[in-house]
Each structure stands twice: as structure tokens, then as C-alpha cells.
Amino acid sequence: MASLQSSSLIFSSSKRSINAAIHLPKARTPASFSIPKPPLTTNLKVAEELKIGDGLITEKSSVKAADSATTAKLYAILEAVVDRVEMHVNLGEQRNNWNTLLLNSINMITLAAATMAGVSASVGVGEPLLAFKVSSTLLFSAATGMLLVMNKIQPSQLAEEQRNAARLFRQLQAQIETVLAVRTPTQADVESVMEKVLALDKAYPLPLLGVMIEKFPETFQPAVWWPGNDSHQGRRELEKECNENNGWSEKMEVEMREVVKVLKRKDAEDYMRLGNLGLKINKVLAISGPFLTGMAAAASALAGPSSQSPWAATLAVAAGSLASVVNTLEHGGQVGMVLEMYRNCTGFFQNMEESIESTLGETELQKRENGELFEMKVALQLGRSLSQLRDLAGEADSTNEFASKLF
């Protein structure tokens with residue numbers, strides 16, 4: 001009985017547990033809510049700001065592209081300038097060799113012809129006399145022709161022209177490299193450098209035929225290697241200072257004008273005088289050499305035994321020897337080179353005068369080169385300290401001193 005009761009209790013409890021149901025909570029339907037829409041004016045404002053931002057980015061990109069193109073142009077000009085330096089150096093060496101070789105060759109030909117003309121006076125009539133006469137006449141004639149060509153082109157002056165051109169192109173190269181190193185170049189920089197390159201090409205031409213500088217002008221003229229319309233103001237972004245007067249004062253302007261007076265009255269005038277004197281001497285020597293060799297050629301053709309025509313052989317020997325001396329003085333002394341040096345120095349002073357006058361002619365001080373820097377450059381170009389330059393300006397009307405201490 002007891003076992004039956006316990007089994008019934010177990011059965012009833014298990015039945016209750018089986019009938020128990022699990023009740024899960026019902027899922028709640030999500031409450032509906034609305035997202036507020038921004039007003040129309042806000043949308044327009046945001047769009048406008050985006051457009052402005054895009055415009056600024058586009059503008060900056062275009063400016064950057066323009067700067068890159070300008071820099072590329074200036075680098076292209078720099079490459080051309082470096083190439084011109086090399087060309088002028090090579091031509092300078094070549095034309096200096098011309099001067100040496102032609103001088104030695106013409107002198108040897110002239111002296112050999114004079115020796116033959118002298119020997120012809122000591123031989124008898126016959127074939128030996130004819131051989132010496134023909135040989136000396138041909139040699140004197142050849143020397144005359146070579147002298148005419150040599151005196152026309154003046155190799156020593158040609159070599160000096162190329163040396164000056166190489167120096168000025170190196171100077172321009174340094175200016176371009178400075179601009180590229182310290183700031184972004186502008187289109188104005190490109191145009192200014194191009195004008196300077198073309199002006200140098202015109203002042204110091206490479207070829208001889210057609211464009212060679214006249215070696216015997218009627219009057220002495222200084223060399224001009226800067227653009228005719230060049231504003232010596234240039235682009236002063238490097239030298240400007242953020243002050244009211246840009247380094248200038250009334251006293252400094254007066255000093256610069258006094259320096260210009262001294263340059264015109266002493267330095268430029270003295271080199272013009274020396275240049276005209278050197279031009280006259282060069283003309284006399286250039287005419288005398290071919291004239292003497294031509295006279296010797298004619299005399300040697302008439303030379304014969306000393307008993308028949310002693311004067312002809314004597315004239316041939318004397319004229320040939322004198323022609324050799326004249327040729328040595330002109331080309332061995334490099335009179336043409338000295339003349340070109342005077343042209344370059346006179347042009348240097350003229351360039352300084354125009355640079356100072358054009359700078360002072362600019363009424364807006366901020367567009368000028370910085371005054372203190374400009375004064376230092378002028379002093380360095382003249383080989384003076386700042387105090388010496390100011391002393392020179394203070395005594396401009398009474399001093400007999402030259403402005404330049406370099407040459």
C-alpha cells in the first residue's frame with residue numbers, strides 16, 4: 001500500500017510539471033518617431049560653403065601649376081645661359097690661339113722673305129737670282145694678305161670679347177640661381193632674364209661674318225650689354241623691407257647723385273679719352289703693317305745684283321723687317337685687347353650711371369631696391385667701403401679722385 005501511494009504521488013507531481021507552460025513576454029511594437037528635417041536655408045548655406053571651398057582649392061591648384069610652369073621656364077633659360085658660357089669660353093681660347101699662331105707665322109714668313117731679298121742682292125744674274133726674287137716676292141705677298149685679314153678681325157680683341165661675354169653670362173647665371181633658391185620666380189623674372197640674354201647675344205656675337213663688332217669705328221663707343229628698355233629697378237621682392245622708406249633717405253639720394261657726377265666727369269670721360277687714343281694707334285698700326293709688306297714685295301720683285309739695283313734689295317729688307325716689328329707691336333702687344341678692355345670699362349660705368357638714375361627716378365620707394373642694399377652694391381662695384389663711398393659723394397665737386405678703385 002505504501003508503495004502504491006508513493007508512486008501515485010510521484011506520478012501526480014510529474015504530471016504537473018509536464019503541464020506547466022512557459023509564457024514569454026509579448027514583443028512590443030516599436031513606437032514610431034520622426035526625424036526632424038533641416039530647414040532649406042541651412043542646406044543652401046552648406047552647399048554654398050562647399051562651393052567656396054572647392055573654388056579656393058581650384059584657385060590654389062591653378063596658382064601652383066602656374067608657378068611650376070614659370071619655374072620650368074626659368075630653368076630652361078638657365079640651361080641656355082650655362083651653354084652660352086661654355087661656348088664663349090671655347091671661342092675665347094680658339095681666338096687667342098689664332099692671335100698667337102698668326103702672329104708667329106706672319107713674322108716668320110716676313111723675316112724669311114727679307115732674308116731671301118737680301119741674299120738675292122749678293123748672287124749673280126741667272127736662275128739663282130730669279131728663284132730668290134720669286135720666293136721673296138711670293139712670301140711678302142702672302143704676308144700682306146694674311147696681315148690684311150688679321151688686322152681686319154683683330155684676334156686679340158675677339159678673344160677679349162669672348163672673355164667678357166663669358167664673365168657676364170656667369171654673372172647672369174648666378175642671378176638666376178639666386179632667384180630660384182630664395183623665392184618663387186614670376187613671369188616678370190622670366191621676361192627680364194630673356195631680355196638680358198638677348199642683349200648679351202647682340203653685344204657679344206659668336207659668329208664672325210655679318211655680325212662681327214666693327215673693329216675700326218669712326219669714334220670710340222662703349223660696350224652695351226644690357227637691354228635698351230631695361231628698367232634697372234628689376235624685381236625687388238628679395239630686397240624689400242617692411243618699413244616706410246624701404247631703406248632710403250633724402251641724404252642717400254643726394255649721395256647717389258653725386259656719385260653719378262663723379263662717374264661721368266672722371267671715370268667715363270677718362271676711359272673715353274683712352275679708348276679714342278687706342279683706336280687711333282690701332283688704325284695706324286693696322287694700315288702700316290700691310291703697307292710695309294706690300295712695299296717689300298714690290299721691291300723684292302725689282303731686286304737684282306748689288307751693282308745694278310742696290311736700293312731695291314735694301315728697301316725690301318728694311319720694309320720687311322719694319323713690318324715684322326709693327327706686327328709684333330700690334331698683335332704681340334694685343335692693342336685690340338686693350339681697346340676692348342676700354343670699351344668694356346666704359347660700358348660698365350655707363351651701366352652704373354643708368355642703374356642709379358633709373359632707381360632714383362622711381363618715385364614710389366617701395367618699388368625701389370632696398371636703399372641700404374643698393375648702396376652696398378654700388379660700393380662693392382666701385383671697390384670702396386661704405387664710408388669711402390660717402391666721403392666721395394661729399395667731395396664730388398672738388399675731388400680729383402676716380403670713383404672706381406678697381407680699374
(request) Provide the closest heavy-atom pair for G278 versus V335 in the form atom of the first, atom of the second, distance. (result) O-CG1, 4.3 Å
(request) Could you pull out the closest heavy-atom pair between D267 and S404, with the gap in Å? (result) OD2-N, 3.1 Å
(message) When you measure from the side chain of T293 to the backbone of G289, do you find a donor-acceptor pair of N or O atoms at a distance under 3.5 Å?
(response) yes
(message) Is it the case that over 12 heavy atoms from other parts of the model lie below 6.0 angstrom from the CZ atom of F402?
(response) yes
(message) To check you understand the geometry: which heavy-atom pair defines the closest contact between V89 and R170, and what is its length?
(response) CG2-NH2, 3.3 Å
(request) Would you mind reporting whether Q334 and N96 have side-chain heavy atoms less than 4.5 Å apart? (result) yes
(request) For residues R84 and V197, determine if any side-chain heavy atom of one lies less than 4.5 Å from a side-chain heavy atom of the other. (result) yes
(message) F169 vs H88, test: ring pair (Phe, Tyr, Trp, His ring centres under 6.0 Å). Steps then yes/no.
(response) CA-CA 9 Å; F169 270 114; H88 283 288; 5.4 Å; yes
(message) Checking F349 against Y271 for the ring pair (Phe, Tyr, Trp, His ring centres under 6.0 Å) test, could you report, in this order, the C-alpha distance in whole Å, the side-chain angles of both residues, the deciding distance, and whether it holds?
(response) CA-CA 9 Å; F349 294 131; Y271 274 94; 5.7 Å; yes
(request) Please identify each residue that fulfils salt bridge (charged side-chain N to carboxylate O under 4.0 Å, His left out) with E258, with sequence neighbours left out. (result) K261
(message) If I compare all heavy atoms of A114 with all of V317, which pair ends up nearest, and what's the gap?
(response) O-CG2, 3.3 Å
(message) Closer than 3.5 angstrom, by distance alone: can the side chain of N104 be matched with the main-chain N or O of T100 as a donor-acceptor pair?
(response) yes
(message) Under a 3.5 Å distance rule, please check whether R384 uses its side chain to pair with a backbone N or O of V378 as donor and acceptor.
(response) no
(request) Could you check L198, V179, L78, I176 and say which one makes a side chain to side chain contact (heavy atoms under 4.5 Å, CB included) with V193? (result) I176
(request) Return the minimal non-hydrogen interatomic distance between R95 and L158, and the atom names on each side. (result) CD-CB, 3.7 Å
(message) What I'd like to find out is whether the side chain of K196 reaches to under 4.5 Å of the side chain of P227, using heavy atoms alone.
(response) yes
(message) Applying the side chain to side chain contact (heavy atoms under 4.5 Å, CB included) criterion to L200, which one of V81, N164, L172 satisfies it?
(response) L172
(request) Would you confirm whether R163, through its side chain, and G92, through its main-chain N or O, come within 3.5 Å as a donor-acceptor pair? (result) no
(message) Could you report the tightest heavy-atom contact between S300 and A316, atom names first, then the distance?
(response) N-CB, 3.7 Å
(message) Could you check whether S156 and Q154, counting side-chain N and O atoms only, form a donor-acceptor pair closer than 3.5 Å?
(response) no
(message) Any donor-acceptor pair under 3.5 Å linking the side-chain atoms of Q173 with those of E177?
(response) yes
(request) Classify the side-chain pair T186/D189 by whether it contains a donor and acceptor separated by less than 3.5 Å. (result) yes
